[in-house]
Amino acid sequence: MKIDVIGDVHGCLDELKALFDKLEYEWKDGMPSHPDNRVPVFVGDITDRGPASVETIRFVYELVMERKSARYLPGNHCNKLYRYFHGNPVKEQHGLETTTAEYKALPPEEREEVRDKFMELMDASPLYLEIPEIDAVIAHAGIRQDYIGQHGKKVKTFVLYGDITGEKHEDGRPVRRDWAQSYQGDKWIIYGHTPTLEPRFVNKTVNIDTGCVFGNKLTAFRLPEEAIVSVPSSMPFVEEKFRY
Ligand SMILES: [Mn+2]
């Protein structure tokens with residue numbers, strides 16, 4: 001099995017399509033497929049903040065649920081949108097407001113279609129993905145070594161939000177421990193969630209959220225090749241998002 005793990009898309013569908021081009025996927029009926037049957041794996045946070053969250057939901061749904069040619073894992077933004085669609089009282093902020101604005105602008109029957117697709121996608125998706133044949137674990141905000149194989153509440157919080165302490169920095173960002181520094185496993189852990197200017201390799205982990213929606217780039221990590229492929233973002237650059 002050969003995979004292309006794709007970092008946080010956040011509604012940047014043009015960049016996602018450009019990334020598939022650069023990864024040498026071929027297009028049939030508007031959908032990418034690779035001549036070597038490579039499997040794209042979305043690391044979560046496909047919506048919010050970017051220009052085309054609704055279309056990104058439709059695109060990922062078709063690849064994962066209809067064609068069964070890609071995999072998807074939820075991120076914290078996906079989790080919040082899911083709760084919104086369930087009717088839970090979530091605040092429309094931190095990017096969710098762009099997705100809900102797109103959603104509310106749709107005609108009623110399309111609203112239902114998009115909501116059903118997203119919820120079906122979420123219901124069918126594992127919290128994180130283990131691929132033993134290529135020794136890889138893919139999880140939105142990463143996973144602690146001793147959590148691999150577990151699925152409890154603590155594990156869910158870690159996988160969606162990272163190793164948060166519950167404290168906040170002065171600017172409101174949550175304080176996160178650098179779990180990757182103490183990772184000693186020999187499986188690859190591939191994750192996103194925290195934007196960095198370049199993919200961040202620490203031990204056998206790599207963070208591939210290169211902040212496309214904040215104007216930097218969209219990145220894929222290929223296994224078993226261990227290769228990085230990126231495309232530039234068309235969004236305005238927001239420097240303060242890269243202070244990690
Ligand atoms: Mn995230």
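Whatever order the structure lists ligands and atoms in, that order sets their numbers, starting from 1. Quick caveat: nothing in here was measured; it's all calculated off a predicted structure.
Tyr84 pairs by the ring-ring contact (aromatic ring centres under 6.0 Å, His included) definition with nothing, not counting sequence neighbours.
Rounded to the nearest 0.5 angstrom, Leu106 CG and Glu102 CD are separated by 8.0 Å.
No hydrogens or angles considered: a donor-acceptor pair under 3.5 Å links the side chains of Tyr82 and Asp123.
Protein N/O/S atoms found under 2.8 Å from the Mn ion (ligand 1), listed by chain and residue number: Asp45 OD2, Asn76 OD1, His140 NE2, His193 ND1.
Proximity of Asn216 to Ser233: side-chain heavy atoms (C-beta onward) are nowhere separated by under 4.5 Å.
A tilted orientation is assigned to the rings of Phe20 and Phe59, their planes being inclined by 30° to 60°.
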### Message
Apply salt bridge (charged side-chain N to carboxylate O under 4.0 Å, His left out) to residues Lys217 and Glu198 and explain how you reach the verdict.
### Response
CA-CA 9 Å; Lys217 53 191 175 183; Glu198 294 298 331; 2.9 Å; yes
